[in-house]
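Okay, so here's the structure we're looking at.
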Amino acid sequence: MLDLVIRDAEVVDGSGGPSYRADVGIEGGRITAVVQEAAAAGCLRPVARRVLDAEGLVLSPGFIDMHAHSDLALLRDPDHSAKAAQGVTLEVIGQDGLSYAPVDERTLAEVRRAITGWNGNGDDIDFTWRSVGEYLDRLDHGFDGEGIAVNAAYLIPQGTVRMLAVGWEDREATPQELDRMRELVAEGMREGAVGMSSGLTYTPGMYAKDAELTELCRVVAAYDGYYCPHHRSYGAGALDAYREMVDLTREAGCPLHLAHATMNFGVNKGRGADLLTLLDEALADGADISLDTYPYTPGCTTLVAMLPSWASEGGPEAILARLKDDETAGRIRHHMEVVGADGCHGVPIEWDTIEISGVTDPALADYVGRTVQQSADARDEAPWTTARRLLLDDGLGSTILQHVGHEENVRAIMRHRVHTGGSDGILRGDKPHPRAYGTFPQYLGRYVRELGVLGLEECVAHLTSRPAARLRLSDRGLVREGYKADLVLFDPATVAAGSTFENPRVLPTGIPYVLIDGRFVIEDGRRTDVLAGRAVRGTPA
């Protein structure tokens, strides 16, 4: 007698192969039976304490969000329907080189301030951990020892590591500092991280030269992990920045996963194929590369991230001091509007593409939903004046949507054979990017059913088995006997993202059931009180 049988489902098993009709049995959190064409064959069907009729629904492995910013949300919100309702059963956090482990007292305060726009200031979180292992243990404990909403894997944030060993200075690490960074990365890998991330347009991680990054990647490779960089430019010089990461990781012998692999800004319109040619040549030469994207054109980050790196040296307090000084603020403006700041990917900023999506101070809510240019026009002032005031008044906590993407590039890149799905979803702010609530149903509804950019079986493989393979998870990402029962049931005729740019916190439709560890976290389209998520630790070689 099994715990559950899902009967007469159309199984899209994650392999990319054709779908098939089957009964799927679950016991003890694992798939124990996959009986194809059970009804038609008239064979003995699995028997269980509960039977779920899945007629008309597709059964697939749970979706893996390869680029998530739920580092504190998983500890703040036991419901976490933003991801659970999409069918996400595993998130990869610790992204873009900035997160909350490993830290000491100084760096914890600094990183909390630096990424307030991503995760809030953390005043509602009990920061009981300092090491990677302690953070993963905290995720396991979750809420009253019951766990968290969905599973989570962790990348060691290289910027935080540099913060610990070097600080916020724009300089090369000393041999002793490099040794400490190596040991911090090794320790994090031993404690269960799956790899290392970087944010090479964010301080202080961007101050690392290639030689330093290569040495850290050698450590990651020694523990069978992968490197996930937000590289140095997605605008001017984007192809060179991609090539830099390919060459660096090949020298280090480390697998490469390119975060939110887009080609943005006017200089890259129609150049998605150029990126794919670069990757195909490297793959043909034996490189181990994968990537993730979200199925939308705008990007999302913080307003302070647009500043030139020299203006961010020294950390948040130093940034605020520079912004308060008229002469220095004038230099910042010149770099942003004329030269093209490295924080804005080497492209002169276009204020009419920068939409404020969230503020920390509720008194500043009038900025939300407007571009900086629109707010400036309403005040009859220069956009830099508006942006500078907002940065100061909101303590650098404002988030933005950056409308600089190109649909043809989005479609070209998502078709590639090493592509996976990642939401890059920032859950904070009054008007977050809809990708936080809609990435995976957007793939299935818009890009599979409506546009036919991907076939259903191929798309599901992008969202399940491919990321599981990158994460070296031998028992996830496929509907197979013995695999974890992390599963999604969706209606291929109705599945769709409910979130929009106007109303971004609307949950999707057409995903009535989601299981983690064989337990329903979404049932009949509603969030249950089940907390089946745990930290998914790497298994170093």
Side-chain angles (χ1 to χ4, degrees), residues 10 12-19 57-68 82-83 85-89 258-264 268-273 275-276 279 290-300 401 403-425 433-468 477 488-504 506-511 514:
E10 189 66 25
V12 177
D13 65 9
S15 69
S19 66
L57 298 177
V58 166
L59 175 67
S60 83
F63 305 137
I64 298 176
D65 188 342
M66 286 294 286
H67 192 106
K83 295 302 179 68
Q86 291 187 59
V88 171
T89 57
L258 295 165
H260 37 58
T262 57
M263 292 286 286
N264 289 339
N268 290 315
K269 184 175 176 60
R271 298 192 68 194
L275 168 60
L276 301 182
L279 298 182
S290 55
L291 58 87
D292 66 68
T293 70
Y294 46 83
Y296 299 88
T297 54
C300 180
L401 301 182
H403 296 270
V404 292
H406 306 287
E407 179 68 17
E408 62 269 37
N409 289 346
V410 170
R411 296 189 192 189
I413 294 168
M414 74 170 61
R415 292 188 183 102
H416 197 272
R417 66 187 185 281
V418 300
H419 169 267
T420 67
S423 71
D424 195 14
H433 197 303
R435 67 193 185 193
Y437 285 72
T439 287
F440 295 87
Q442 180 83 340
Y443 270 118
L444 296 169
R446 177 164 172 75
Y447 287 93
V448 171
R449 184 181 64 247
E450 295 177 8
L451 299 176
V453 175
L454 293 169
L456 178 60
E457 289 88 351
E458 178 67 7
C459 183
V460 168
H462 287 222
L463 307 181
T464 59
S465 63
R466 289 187 190 173
V488 181
L489 281 155
F490 62 89
D491 183 345
T494 63
V495 62
S499 59
T500 64
F501 287 99
E502 292 73 26
N503 295 291
V506 179
L507 297 178
T509 57
I511 306 179
V514 180

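Distance check, rounded to the nearest 0.5 Å: CG of Leu463 to CD1 of Ile64 gives 9.5 Å. Atom NE2 of His433 is separated from atom CZ of Phe501 by 4.5 Å, given to the nearest 0.5 angstrom. The line from OG of Ser290 to CG of Leu258 is 7.5 Å long, rounded to the nearest 0.5 Å. The OG1 atom of Thr293 sits 11.0 Å away from the NE2 atom of His260 when rounded to the nearest 0.5 Å. Annotation: the span from Leu444 atom CG to Asp491 atom CG amounts to 11.0 Å, rounded to 0.5 Å. With rounding to the nearest 0.5 angstrom, the CD1 atom of Ile413 is 10.0 Å from the NE2 atom of His416.
Not one N or O on the side chain of Thr262 forms a donor-acceptor pair closer than 3.5 Å with the backbone of Asn264. Using modelled atom types, one side-chain atom of Thr420 and one backbone atom of Leu291 make a donor-acceptor pair closer than 3.5 Å. In this structure, Ser465 contributes its side chain and Gly14 its backbone to a donor-acceptor pair below 3.5 Å. Although no hydrogens or angles enter the test, the distance criterion places a donor-acceptor pair under 3.5 Å between the side chain of Asn409 and the main chain of Met263. Put simply, the side chain of Gln86 gets close to the backbone of Phe440: a donor and an acceptor are under 3.5 Å apart. When atom types are taken as modelled, the side chain of Arg446 and the backbone of Leu451 share no donor-acceptor pair closer than 3.5 angstrom. A distance-only check finds a donor-acceptor pair linking the side chain of Arg466 to the backbone of Arg417 [under 3.5 Å].
Nearest approach of Gly62 to Thr89, heavy atoms of both residues: CA-OG1, 3.3 Å. Of all heavy-atom pairs between Ala497 and Pro441, the closest is N-CB, 3.7 Å. Nearest approach of His403 to Pro298, heavy atoms of both residues: ND1-CG, 3.5 Å. Of all heavy-atom pairs between Asp292 and Gly421, the closest is CB-C, 4.1 Å. For Leu276 against Ala412, the heavy-atom pair with the smallest separation is CD1-O, 3.4 Å. Between Pro508 and Ala85, the shortest heavy-atom contact is CG-O, 3.3 Å.
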task: Dump the intermediate steps for side chain to side chain contact (heavy atoms under 4.5 Å, CB included) on Thr464 and Phe63, then the final yes or no.
output: CA-CA 5 Å; Thr464 59; Phe63 305 137; 3.9 Å; yes
task: List the steps, then state whether ring pair (Phe, Tyr, Trp, His ring centres under 6.0 Å) holds for Tyr447 with His462.
output: CA-CA 13 Å; Tyr447 287 93; His462 287 222; over 10 Å; no
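Proximity of Pro492 to Arg449: side-chain heavy atoms (C-beta onward) are nowhere separated by under 4.5 Å. Proximity of Thr500 to Val506: side-chain heavy atoms (C-beta onward) are nowhere separated by under 4.5 Å. Ser19 has its side chain within reach of Val12: a pair of non-hydrogen atoms, C-beta onward, lies under 4.5 Å apart.
Looking at residues two or more places apart in sequence or on another chain, you find no side chain to side chain donor-acceptor pair (under 3.5 Å) involving Thr297.
Because its NZ or CZ atom is both nearer than 6.0 Å to the ring centre of Tyr294 and within 45° of the ring axis, Arg435 counts as a cation-pi partner of that residue.
Between Glu408 and Lys269 there is a salt bridge, since at least one side-chain N of the basic residue sits less than 4.0 Å from a carboxylate O of the acidic one.
Shown are Val514, Asp65, Thr439; of these, the side-chain contact (heavy atoms from CB on, under 4.5 Å) with Val88 is made only by Asp65.
A donor-acceptor contact closer than 3.5 angstrom is absent between the side chains of Ser423 and Tyr296.
Between His419 and Tyr443, the ring planes are perpendicular. Angles over 60° get that label, and only those under 30° would be called parallel.
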